[in-house]
Amino acid sequence: MIVTRFAPSPTGYLHIGGLRTALYSFLWARKNSGKFLLRIEDTDLARNSKEAAEAILEAFKWTGLANDGEILYQSERFDLYKTYVKQLLDANKAYKCYMSKEELDVLRESQMANKERPRYDGRYRDFNGTPSEGVEPVIRIKAPTEGQISFKDGVKGEVVFNVKDMLDDFIIARSDGTPTYNFVVTIDDALSGITDVIRGDDHLSNTPKQIVIYQALGWKVPNFYHVPMILNPEGKKLSKRDGAVDVMDYKKEGYLAEALLNFLIRLGWSHGDQEIFSLEEMRTLFDPSNINKSASAYNAEKLLWLNTHYIKTLPSERLIEELKYFDVDISLHVKKDVLIDALRDRAKTLKEFALHVRQILDTPQNYDEKAVEKFLTPQGIEILKGYFEALVSNGAMSETSEFELFTKDFLEKKELKLKDLAQSIRIAMVGSAVSPSIFEVLSIIGYQEVVKRIENLISYLRRDYEQ
RNA sequence: GACCCCAUCGUCUAGUGGUUAGGACACCGCCCUCUCAAGGCGGGAACAGGGGUUCAAAUCCCCUUGGGGUCGCCA
């Protein structure tokens with residue numbers, strides 16, 4: 001059985017890079033009817049916070065990637081980790097190191113000065129004298145001192161590290177007794193039965209260290225897939241400076257979770273020429289072995305295009321639900337279907353969609369001056385007045401087609417084109433020269449309010465001329 | 001600096017020795033049209049450079065260049 005996991009550390013928000021590896025892990029598990037586990041890596045008590053952990057979980061929930069089983073919190077498992085530290089100590093596969101931080105710094109600096117890669121020199125590896133007073137030891141693992149460590153990465157292929165210039169006896173437990181990252185990751189992955197580790201390739205050089213631990217404990221090394229980083233549009237590492245990297249920002253900006261997921265799966269992975277993937281298609285088609293080897297730059301326009309696509313195809317009920325997040329509730333509006341059909345193709349985000357809804361539903365408080373100047377010329381006003389009178393004497397109507405028929409009939413009698421009237425109506429209805437098709441807008445607004453809005457505009461114009 | 005990874009249009013990518021190097025986003029043009037979009041049609045745009053291997057190289061090998069990552073008692 002395939003078991004994958006996502007293991008964020010709660011130092012901030014859920015990053016889109018993290019979401020992508022989570023997506024890949026999720027899909028790979030689901031495709032193989034395996035399990036997808038979630039683990040919170042909160043061993044750094046000073047830097048982690050409960051709020052950050054909750055924020056990550058909330059974002060995760062929004063994306064709809066459901067994890068299996070209980071969420072593991074590493075902060076609750078310190079006693080467990082200690083038993084494995086002790087086991088290695090007892091087996092003489094790890095040892096206490098009494099070197100102080102200051103001494104380490106000195107060593108590091110001299111190595112840097114010699115243009116060497118800084119590494120611990122192993123001075124306490126076989127130490128059995130009396131340690132100096134007042135230094136609480138760290139626990140270091142006995143790593144191999146020569147040869148190579150290699151593994152077959154599912155994305156990169158065969159990766160080989162030379163032990164000599166790469167590995168040292170790294171710390172598995174700090175002087176205060178708490179275990180370190182590489183150690184707990186390995187313990188938890190092994191104990192959880194993780195078979196496939198899919199993570200960012202910034203972890204590539206942690207992998208040989210983790211393999212050392214697997215081997216020291218006599219455990220089976222899992223399959224690794226190191227996926228390339230996401231770069232910003234300039235090709236540099238994506239960071240907070242580049243704006244939207246927090247997954248929840250996408251929700252706030254009006255992106256659909258399925259659009260974000262679709263965007264992310266295509267960043268570094270592809271299936272021929274296909275661009276649009278439903279979650280179901282992702283599940284059946286995804287395979288980590290065709291993840292790209294190279295890093296990919298973040299391209300906001302493609303995401304926007306995908307979001308536009310998903311808004312266009314989203315069931316109306318879902319759209320109405322999503323709009324509520326942006327303080328627009330049209331669930332009880334009699335013309336909600338006309339409204340949605342009129343706007344669906346013109347919004348790139350839900351936020352924009354909500355704005356468009358308000359522009360139609362709210363009575364305009366002011367009018368776009370340039371539009372008024374351009375279209376409400378003396379003749380324009382005359383035509384609008386004529387239309388207003390005809391509208392009043394005709395009496396109420398409701399459907400889009402009724403408004404259309406009535407308007408075309410009016411124009412025909414006056415020997416006018418729709419062009420001569422449409423913009424004026426538009427200004428009366430929404431205050432500007434931009435809106436969906438006017439017949440739909442009239443129908444949505446409703447006869448009474450339509451009459452009122454035209455009247456408003458006419459009296460506004462009269463006031464304007466009197467001054 | 002050392003080590004590791006990477007390299008096809010501006011961007012995301014297809015391509016696994018023989019293709020007019022394909023698709024998508026963006027851009028430009030045309031059409032549709034009551035505005036703005038959406039949509040339809042069309043266009044420009046790439047194998048980083050240099051050596052090999054081969055009848056044949058975007059595809060295999062080497063070097064150079066460029067980019068990225070890692071070098072913590074952080075994760």
Side-chain angles (χ1 to χ4, degrees), chain A residues 7-11 41-44 46-48 74 97 99-101 104-105 108 111-119 136-140 153 155-157 159-162 164-168 170-182 184-185 200-208 226 228-229 231 233 235-237 263 266-276 292-306 308 312 343-348 356 371 375 407 411 417-427 430 432-439 441:
Chain A
S9 77
T11 50
E41 310 220 312
D42 52 355
T43 53
D44 186 352
R47 289 209 288 168
N48 298 151
Q74 292 187 322
C97 167
M99 198 169 176
S100 69
K101 284 182 190 175
L104 252 179
D105 286 342
R108 235 175 241 136
Q111 286 168 331
M112 299 267 261
N114 289 329
K115 297 188 194 287
E116 288 167 18
R117 185 188 173 98
R119 56 201 290 263
E136 281 301 318
V138 298
I139 312 296
R140 288 180 181 274
D153 189 277
V155 174
K156 310 275 186 186
V159 181
V160 183
F161 289 94
N162 252 318
K164 270 205 167 70
D165 46 41
M166 169 69 207
L167 220 53
D168 62 2
F170 59 94
I171 294 170
I172 58 171
R174 307 180 182 92
S175 48
D176 66 1
T178 58
T180 58
Y181 172 74
N182 282 118
V184 297
V185 166
D201 74 359
D202 47 338
H203 286 290
L204 199 58
S205 44
N206 281 326
T207 308
H226 286 98
M229 303 278 88
L231 274 23
K236 305 286 178 193
K237 189 183 182 182
F263 172 70
R266 280 288 286 104
L267 213 53
W269 177 86
S270 60
H271 179 74
D273 285 344
Q274 191 168 344
E275 297 288 348
I276 306 292
N292 254 248
K293 290 175 164 197
S294 54
S296 28
Y298 173 90
N299 174 212
E301 269 139 6
K302 190 114 180 193
L303 172 59
L304 209 51
W305 173 75
L306 279 164
T308 310
K312 266 188 269 191
L343 292 177
R344 233 241 189 300
D345 288 350
R346 358 172 50 90
K348 288 180 162 44
H356 290 162
F375 297 106
T407 307
L411 292 169
K417 298 275 187 213
L418 184 52
K419 250 188 186 70
D420 304 319
L421 175 65
Q423 292 302 74
S424 302
I425 296 180
R426 200 161 259 133
I427 293 166
V430 301
S432 81
V434 178
S435 88
S437 163
I438 52 161
F439 305 120
V441 171

| task | Decide yes or no, distance alone: a donor-acceptor N/O pair under 3.5 angstrom between the base of B/C34 and the side-chain of A/Ser437. | result | yes

| field | Atom pair distance, as rounded to whole Å: CZ in A/Phe170 and P in B/C71 | value | 13 Å

| query | What about A/Gln274, does its side chain sit under 3.5 Å from the base of B/G23 through a donor-acceptor pair? | reply | no

| request: Using the P atom on both, measure B/A75 against B/C12 and round to a whole Å. | output: 33 Å

| request: Check whether the side chain of A/Asp273 and the base of B/G22 form a donor-acceptor pair under 3.5 Å. | output: yes

| query | Picking from B/G72, B/U70, B/C25, which would you name as closest to the side chain of A/Pro118? | reply | B/G72

| query | At under 4.0 Å between heavy atoms, what does A/Glu41 touch on the DNA or RNA strands: base, sugar-phosphate, or nothing? | reply | sugar-phosphate

| field | Among B/C73, B/C12, B/A26, the one nearest A/Ser296 by side-chain distance | value | B/C12

| task | Answer yes or no: does a side-chain N or O of A/Arg108 lie under 4.0 Å from OP1 or OP2 of B/G72? | result | yes

| task | State the pairing partner of B/C47; accept Watson-Crick or G-U wobble contacts with both distances under 3.5 Å, and report none otherwise. | result | none

| request: Tell me the partner of B/G17, counting only Watson-Crick (N1-N3 plus N6-O4 or O6-N4) or G-U wobble (N1-O2 and O6-N3) with both under 3.5 Å; none if nothing fits. | output: none

| Expressed in angstrom and rounded to an integer, what is the separation of A/Leu231 atom CG from B/G10 atom C1'? | 15 Å

| field | Touch class at under 4.0 angstrom, heavy-atom based, for A/Ser175 against every strand present | value | base

| query | Applying a 3.5 Å limit to both distances, which nucleotide forms a Watson-Crick or G-U wobble pair with B/C60? | reply | B/G52

| remark: Of the candidates B/G69, B/C36, B/C34, the side chain of A/Arg346 sits closest to B/C36

| message | Give me the distance, rounded to whole Å, that separates B/U54 from B/C62 when you measure between the C1' atoms they each carry. | response | 16 Å

| said: Quick check for you: among B/C34, B/C6, B/C3, whose closest atom lies nearest to any side-chain atom of A/Arg117? | reply: B/C3

| task | To the nearest Å, give me how far apart NZ (A/Lys293) and P (B/C6) are. | result | 5 Å

| Taking N and O atoms by type only, does the side chain of A/Asn299 place a donor or acceptor under 3.5 Å from a partner on the base of B/A26? | no

| query | Just checking A/Asn292: base, sugar-phosphate only, or nothing, at a heavy-atom cut-off of under 4.0 Å? | reply | sugar-phosphate

| field | Under 3.5 Å on both distances, the Watson-Crick or G-U partner of B/A24 | value | B/U11

| request: Rounded off to whole Å, could you give me the CD-to-C1' distance for the A/Gln423 and B/U33 pair? | output: 12 Å

| field | Sugar-phosphate, base or nothing in reach of A/Phe439, heavy atoms under 4.0 Å | value | base

| query | Where the side chain of A/Val434 is concerned, which of B/C36, B/U11, B/C3 is the nearest nucleotide? | reply | B/C36

| request: Look at all strands and tell whether A/Arg344 reaches a base, only sugar-phosphate, or nothing, counting heavy atoms closer than 4.0 Å. | output: nothing

| query | Start at the 5' end of RNA chain B and walk down; is the nucleotide closest to A/Ala295 or to A/Val160 reached first? | reply | A/Val160

| said: The side chain of A/Leu104 is closest to which nucleotide in this list: B/A24, B/C73, B/A26? | reply: B/C73

| message | Would you say the rings of A/Phe170 and A/Tyr181 are close, in the sense that their centroids are separated by under 6.0 Å? | response | no

| message | Output the rounded distance in Å from CG (A/Asp176) to P (B/G72). | response | 19 Å

| field | Gap between atoms CE and P, on A/Met166 and B/G72 respectively (whole Å) | value | 10 Å

| query | Is there a donor in the side chain of A/Ser435 and an acceptor in the side chain of A/Arg426, or the other way round, less than 3.5 Å apart? | reply | yes

| said: Please report the distance, rounded to the nearest Å, between CG in A/Asn182 and P in B/C73. | reply: 11 Å

| query | Looking across every strand, which nucleic acid part, if any, lies under 4.0 Å from A/Phe161 by heavy atom: base, sugar-phosphate, or nothing? | reply | sugar-phosphate

| query | Should B/C71 form a Watson-Crick or G-U wobble pair with both distances under 3.5 Å, which nucleotide is its partner? | reply | B/G1

| remark: Per nearest nucleotide of RNA chain B, the residue lying toward the 5' end, A/Cys97 or A/Val159, is A/Val159

| query | Which listed nucleotide (B/A24, B/C34, B/A26) is nearest to the side chain of A/Arg426? | reply | B/C34

| said: Taking any heavy-atom pair under 4.0 Å as a contact, classify A/Ala433: base, sugar-phosphate, or nothing. | reply: base

| request: Remember a base hit wins even if backbone is also touched, and classify A/Gly268 as base, sugar-phosphate or nothing at under 4.0 Å, heavy atoms. | output: sugar-phosphate

| message | Side chain of A/Trp305, heavy atoms from C-beta onward: which of B/A24, B/A75, B/C4 has the nearest atom to it? | response | B/A24

| Contact class for A/Thr43 (heavy atom, under 4.0 Å): base, sugar-phosphate, or nothing? | sugar-phosphate

| Nearest-angstrom distance from the residue atom OH of A/Tyr298 to P of B/U11 | 16 Å

| said: Mind checking if A/Leu204 touches a base, just sugar-phosphate, or nothing, with heavy atoms under 4.0 Å? | reply: sugar-phosphate

| According to a strict under-4.0 Å criterion, is A/Lys312 in side-chain N/O contact with OP1 or OP2 of B/G39? | yes

| task | For salt bridge (charged side-chain N to carboxylate O under 4.0 Å, His left out), just list the numbers for A/Asp420 and A/Lys417, CA-CA rounded to whole Å, side-chain angles, deciding distance to a tenth of an Å, and then say yes or no. | result | CA-CA 5 Å; A/Asp420 304 319; A/Lys417 298 275 187 213; over 6 Å; no

